[in-house]
Amino acid sequence: MRKTNINELALFGGPPIFNQVLHVGRPNIGNRQQLLNRINDMLDRRWLTNNGPFVQELEEKLAAYLGVAHCIAICNATVALEIAARALGLAGEVILPSFTFVASAHALQWQKITPVFCDVDPLTHNIDPLKVESLITPKTSGIMGVHVWGRACPIEALDEIAQKHQLKLLFDAAHAFGSTHQGRMIGGFGDTEVFSFHATKFFNTFEGGAVTTNNDDIAGKIRRMRNFGFAGLDNVVDIGTNGKMSEVSAAMGLTSLESLNEIIGVNHNNYLAYSSELDGIPGVQLIRYAENEKNSYQYVVLEIDENVASISRDTLVEILHAENIRARRYFYPGCHQMEPYRSNFPDAGRNLPETEKLTLKVLQLPTGTAVREEEITRICALIRFIFANGTKIRSELTLGI
Ligand SMILES: Cc1ncc(COP(=O)(O)O)c(C=O)c1O
């Protein structure tokens, strides 16, 4: 059912175009029977966690896929970031973008490392390397780049700065599983990279993540830290935590891996459908992915320029939510506007003008194997209708108030 009059919008009392909520990151399941077979094997073995055979197999397969020497599976990416930061000896201050999920900053602050927020390049949404150096102080121990939307952040420029100032370089690659940079898989850059395999990521292990590195020493430390600091039976050599991935998660990971190309194919088709159907709306742009690089296309990101578009990002989100399209405003607000950073650094926004603008512009639309192409056509038709009638909608909203 297409809307032809703004009074038919659910926000103004009409029926929503979808009866069920469409989510941005509805989990991809892969081959259910394969997963159940693996879970049966696991139960037969009675080996449920503690570096079991599924975890070992997953680590080997991921390391081979990513072309990296070590892949250490962890219970989630937040704990993986915490462990990676410790293994690298980060302390004092670490520079990272504010335009990221709050876990990037929390993983540092949780261990009393101060996150120092850097502005982004508005074109790439990634940390702006030109603004990094001025944030370095005698307390700086490292830089955390984030590959936002799976598009590689400026790896070489950050590497140069890190080497010049003898800083560690760590990447939050939570979005970047399956992405390349200059043809090389993300995973082997910097001192370590950290992936998230959370249920909402296109490749998931229910909850999960991994640290990857080509450095044997760092890998050894991370393995011990993941397991309470054990270096062998009864031998604890340092402080550690419980960051282990369970067997059931690894079983899901192995199963997801078998469907990886299929899932990326669906995401890519969805992206192309959005791209052709949303083309040409004034002030509205879908972010682009370089055609000569791999990407999972798990994020369909719209950027809405309020000065040109007929309605704002937030009004669009409100209308879409009423229609049961649960578009999300990642990353809004920026980390610097969340606690405890907002109170600790009340003036941080002054150095983050591009971040502040960007957080008001972006939204993500539903994709993944749970979204059908026909649904995308309806979402896009609705979005076109909303922008075509933006002025009327705005005045209706004003009158309503
Ligand atoms: C950029 C970024 N970093 C870290 C995380 C945390 O991942 P996890 O949920 O696996 O802890 C996320 C989760 O979405 C993320 O988007």
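In each ligand, atom 1 is the first atom listed, and ligand 1 is the first ligand listed.
Taking the ring axis of F385 as reference, the NZ or CZ atom of R2 does not stay both within 45° of it and closer than 6.0 Å to the ring centre.
Ring centroids of H147 and F171 are separated by less than 6.0 Å, placing the two rings close together. Ring to ring, Y341 and H106 are close: their centroids are under 6.0 angstrom apart. You'll find the ring centres of Y289 and Y271 inside the 6.0 Å limit. Aromatic rings of Y65 and F177 (six-membered ring for Trp) have centroids within the 6.0 Å cut-off, being under it.
With hydrogens left out, the protein atom closest to atom 2 (C) of ligand 1 is A174 CB, 3.4 Å, a heavy atom. The protein heavy-atom contact nearest to atom 16 (O) of ligand 1 is H175 NE2, 3.0 Å. Given atom 12 (C) of ligand 1, the protein heavy atom at minimum distance is F101 CD2, 3.5 Å. The nearest protein atom to atom 3 (N) of ligand 1, hydrogens excluded, is given as D172 OD2, 2.7 Å; this is a heavy-atom distance. What sits closest to atom 11 (O) of ligand 1 on the protein, heavy atoms only, is T78 OG1, 2.6 Å.
Close approach of ligand 1 to S196 (heavy-atom distance below 4.0 Å) involves ligand atoms 7 (O), 8 (P), 10 (O). Each of the atoms 6 (C), 7 (O), 8 (P), 10 (O), 11 (O) of ligand 1 lies under 4.0 Å from some heavy atom of A77. Proximity to K201 (heavy-atom distance under 4.0 Å) selects the following atoms of ligand 1: 13 (C), 14 (O), 16 (O). Atoms of ligand 1 lying under 4.0 Å from any heavy atom of N76, numbered from 1 in the order shown and given with element: 10 (O), 11 (O).
When non-hydrogen atoms are compared, ligand 1 lies under 4.0 Å from the side chain of A103 (C-beta onward) but not from its backbone.
Under 4.0 Å is where a charged nitrogen must lie from a carboxylate oxygen, and between E354 and K357 at least one such pair does. Salt bridge absent: E375 and R26 never bring a charged side-chain N and a carboxylate O closer than 4.0 Å. A salt bridge does not link R184 to E193: none of the charged nitrogens lies less than 4.0 Å from a carboxylate oxygen.
Residue contacts with ligand 1 leave out E207, since none of its heavy atoms falls under 4.0 Å from the ligand. For S104, the closest heavy-atom approach to ligand 1 falls below 4.0 Å. The closest approach between any non-hydrogen atom of G208 and ligand 1 is below 4.0 Å.
Not a single N or O atom of L81, backbone or side chain, sits closer than 3.5 Å to an N or O atom of ligand 1. Close N/O approach between T100 and ligand 1 is not found [any backbone or side-chain N/O within under 3.5 Å].
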Is there a salt bridge (charged side-chain N to carboxylate O under 4.0 Å, His left out) between K221 and D238? Walk through the geometry before answering. CA-CA 9 Å; K221 269 192 197 164; D238 202 353; over 6 Å; no
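For F195 against G187, the heavy-atom pair with the smallest separation is CZ-CA, 3.7 Å.
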